[in-house]
Enquirer: 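Sharing a structure here in structure tokens format.
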Amino acid sequence: MENASLLSLLQNTTRSRKPSKTGGGIFRMFKLLPMLTSGCKMVALLGKPRKLLTDNATTGTLFGYRRGRVSLAIQEDPHRLPVFVIELPMHSVAFQKEMASDMVRLSLESETTSRKKKVLEEFVWAVYCNGRKYGYSIRRTQMTDDELHVMQSLRGVSMGAGVLPGLSEKDYAVDGELTYMRARFERVAGSKDSEAFHMINPDGADDGQELSIFFVRVH
């Protein structure tokens with residue numbers, strides 16, 4: 001990323017993090033979704049609610065209709081409302097192309113003159129993916145019906161990837177399938193102005209794949 005201040009803050013969030021096993025099965029499953037769900041309707045990992053995890057990992061969900069934009073939701077656990085929801089200025093097809101690489105860096109940068117708010121409480125964000133700027137987004141203060149539908153449908157899911165039924169057949173006909181990827185993330189606070197979320201591999205394999213989400217406030 002060209003912004004030197006942003007690079008410095010991102011380094012702060014990664015420097016304190018020990019090398020971990022990230023990416024893995026969920027990452028691969030999400031990249032395979034176009035093949036796995038072609039011509040069929042699939043709902044993955046839904047059903048019986050799972051026991052809540054006892055560690056301090058944060059839940060992150062990336063979801064969206066195939067012909068729509070990708071949304072990001074961050075929750076303290078799957079049974080609570082998200083602490084952060086935003087529709088990214090990226091279409092699902094573009095995001096899946098970015099995820100074709102083994103390492104994905106999603107960076108959200110906020111410019112503000114006040115430190116009264118926590119980083120995730122900022123509203124306007126410039127969105128980068130793997131160093132490429134995609135545009136600006138505004139954090140949701142209220143979730144849409146589709147976003148509430150996804151959160152409710154995935155209450156019993158701690159991690160996984162798949163396709164959910166849309167709210168209506170019309171949504172499916174217009175926007176395509178509603179895909180999602182949910183994972184647990186290690187949360188790292190670099191400073192008052194930066195936080196990072198690093199995806200935790202569910203199966204313990206270290207195959208070099210990685211997904212990290214950075215939030216940086218630049219003054």
Side-chain angles (χ1 to χ4, degrees), residues 1-18 20 22 52-64 69-90 95 104-148 150-152 154-155 157-159 180-200 210-219:
M1 197 169 295
E2 298 178 356
N3 191 310
S5 298
L6 178 58
L7 279 174
S8 177
L9 288 171
L10 292 181
Q11 288 168 355
N12 287 338
T13 61
T14 56
R15 192 175 295 125
S16 61
R17 180 191 175 217
K18 296 179 182 179
S20 63
T22 55
L52 289 180
L53 300 170
T54 56
D55 58 23
N56 294 320
T58 300
T59 297
T61 310
L62 289 154
F63 60 94
R69 295 181 184 272
V70 176
S71 293
L72 167 66
I74 295 175
Q75 298 165 276
E76 293 181 353
D77 70 59
H79 282 222
R80 298 183 183 179
L81 289 174
V83 296
F84 184 92
V85 180
I86 195 169
E87 183 184 74
L88 303 175
M90 300 178 63
F95 183 67
V104 176
R105 293 287 189 271
L106 184 61
S107 302
L108 284 76
E109 175 184 347
S110 176
E111 296 181 4
T112 181
T113 57
S114 173
R115 295 190 179 184
K116 294 181 180 179
K117 296 179 180 178
K118 296 179 181 180
V119 175
L120 295 186
E121 293 176 347
E122 298 297 342
F123 283 99
V124 182
W125 297 90
V127 178
Y128 300 81
C129 188
N130 289 342
R132 180 186 302 176
K133 187 174 182 179
Y134 277 85
Y136 291 87
S137 288
I138 298 176
R139 176 176 64 85
R140 301 277 198 209
T141 55
Q142 292 184 335
M143 288 189 290
T144 66
D145 290 341
D146 280 327
E147 290 163 349
L148 286 169
V150 172
M151 295 297 102
Q152 180 66 28
L154 297 179
R155 285 190 68 197
V157 178
S158 59
M159 61 189 74
Y180 77 91
M181 182 189 73
R182 168 164 284 187
R184 295 162 59 226
F185 286 79
E186 175 192 3
R187 187 172 184 172
V188 179
S191 70
K192 291 182 178 180
D193 295 317
S194 62
E195 289 193 26
F197 295 81
H198 304 287
M199 189 169 75
I200 301 170
E210 186 174 349
L211 169 62
S212 294
I213 305 171
F214 298 91
F215 294 87
V216 182
R217 182 162 48 195
V218 180
H219 297 276

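Bear in mind that the values here come from a model prediction, so they are computed numbers and not experimental data.
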Enquirer: E147: what forms a side chain to side chain donor-acceptor pair (under 3.5 Å) with it, not counting sequence neighbours?
Expert: R140, T144

Enquirer: With rounding to the nearest 0.5 Å, note down the distance linking OH in Y134 to OG in S107.
Expert: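 Y134 atom OH to S107 atom OG measures 12.0 Å (nearest 0.5 Å).
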
Enquirer: Might you point out which heavy atoms bring F214 and S212 nearest each other, and give the distance in Å?
Expert: CE1-CB, 3.7 Å

Enquirer: About how many Å separate CZ of R184 and CE of M159, when rounded to the nearest 0.5 Å?
Expert: 4.5 Å

Enquirer: List the residues meeting ring-ring contact (aromatic ring centres under 6.0 Å, His included) with F197, not counting sequence neighbours, and say none if there are none.
Expert: F215

Enquirer: Any idea which heavy atoms bring L154 and P78 closest together, and the distance?
Expert: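 The pair with the smallest heavy-atom distance is O-CB, 4.3 Å.
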
Enquirer: How far apart are the C-alpha atoms of L88 and L106, what are their side-chain angles, what is the distance that settles it, and do they pass the side chain to side chain contact (heavy atoms under 4.5 Å, CB included) test?
Expert: CA-CA 10 Å; L88 303 175; L106 184 61; 3.9 Å; yes

Enquirer: Measuring from atom CH2 of W125 to atom CZ of R139, what distance do you get when rounded to the nearest 0.5 angstrom?
Expert: 8.5 Å

Enquirer: Nearest 0.5 Å, what's the CE-CG distance between M181 and L72?
Expert: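 Result: 9.5 Å between the selected atoms.
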
Enquirer: After noting the C-alpha distance and the side-chain angles of E195 and R187, does the key distance pass the salt bridge (charged side-chain N to carboxylate O under 4.0 Å, His left out) rule?
Expert: CA-CA 7 Å; E195 289 193 26; R187 187 172 184 172; 2.7 Å; yes

Enquirer: Does E121 have any salt bridge (charged side-chain N to carboxylate O under 4.0 Å, His left out) partners at least two apart in sequence or in another chain, and if so, which?
Expert: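 E121 satisfies salt bridge (charged side-chain N to carboxylate O under 4.0 Å, His left out) with no residue once adjacent residues are dropped.
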
Enquirer: Please determine which of E109, E122, E111 meets the salt bridge (Lys or Arg N to Asp or Glu O under 4.0 Å) test together with R217.
Expert: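 So the option named by the test is E122.
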
Enquirer: Got a second to check how far L62's CG is from I74's CD1, nearest 0.5 Å?
Expert: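 Those atoms lie 9.0 Å apart.
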
Enquirer: Kindly indicate whether the side chain of F185, heavy atoms from C-beta on, has any atom under 4.5 Å from the side chain of L211.
Expert: yes

Enquirer: Can you tell me how far apart CG (D146) and CZ (F63) are? Round to the nearest 0.5 Å.
Expert: 8.5 Å

Enquirer: Answer whether the closest heavy-atom distance between the side chains of I86 and L108 falls below 4.5 Å.
Expert: yes

Enquirer: Mind checking side chain to side chain donor-acceptor pair (under 3.5 Å) for T112 and listing every partner two or more places apart, or none if nothing turns up?
Expert: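 If we apply the side chain to side chain donor-acceptor pair (under 3.5 Å) test to T112, skipping adjacent residues, there are no hits.
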
Enquirer: Only counting residues at least two apart or in another chain, list the ones meeting side chain to side chain donor-acceptor pair (under 3.5 Å) with K118.
Expert: none

Enquirer: Heavy atoms only: give me the nearest V124-I138 pair and the separation to one decimal.
Expert: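 Scanning both residues completely, I find the closest heavy atoms to be CG2-CG1, 4.4 Å.
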
Enquirer: So does R80 get a backbone contact from the side chain of Q75, meaning a donor-acceptor N/O pair under 3.5 Å?
Expert: yes

Enquirer: Could you tell me which residues satisfy side chain to side chain donor-acceptor pair (under 3.5 Å) with T61, sequence neighbours excluded, listed by chain and number?
Expert: R182

Enquirer: Evaluate the side chain to side chain contact (heavy atoms under 4.5 Å, CB included) criterion for residues C129 and V104: first the C-alpha distance (whole Å), next the side-chain angles of each, then the deciding distance (0.1 Å), finally the verdict.
Expert: CA-CA 7 Å; C129 188; V104 176; 4.1 Å; yes

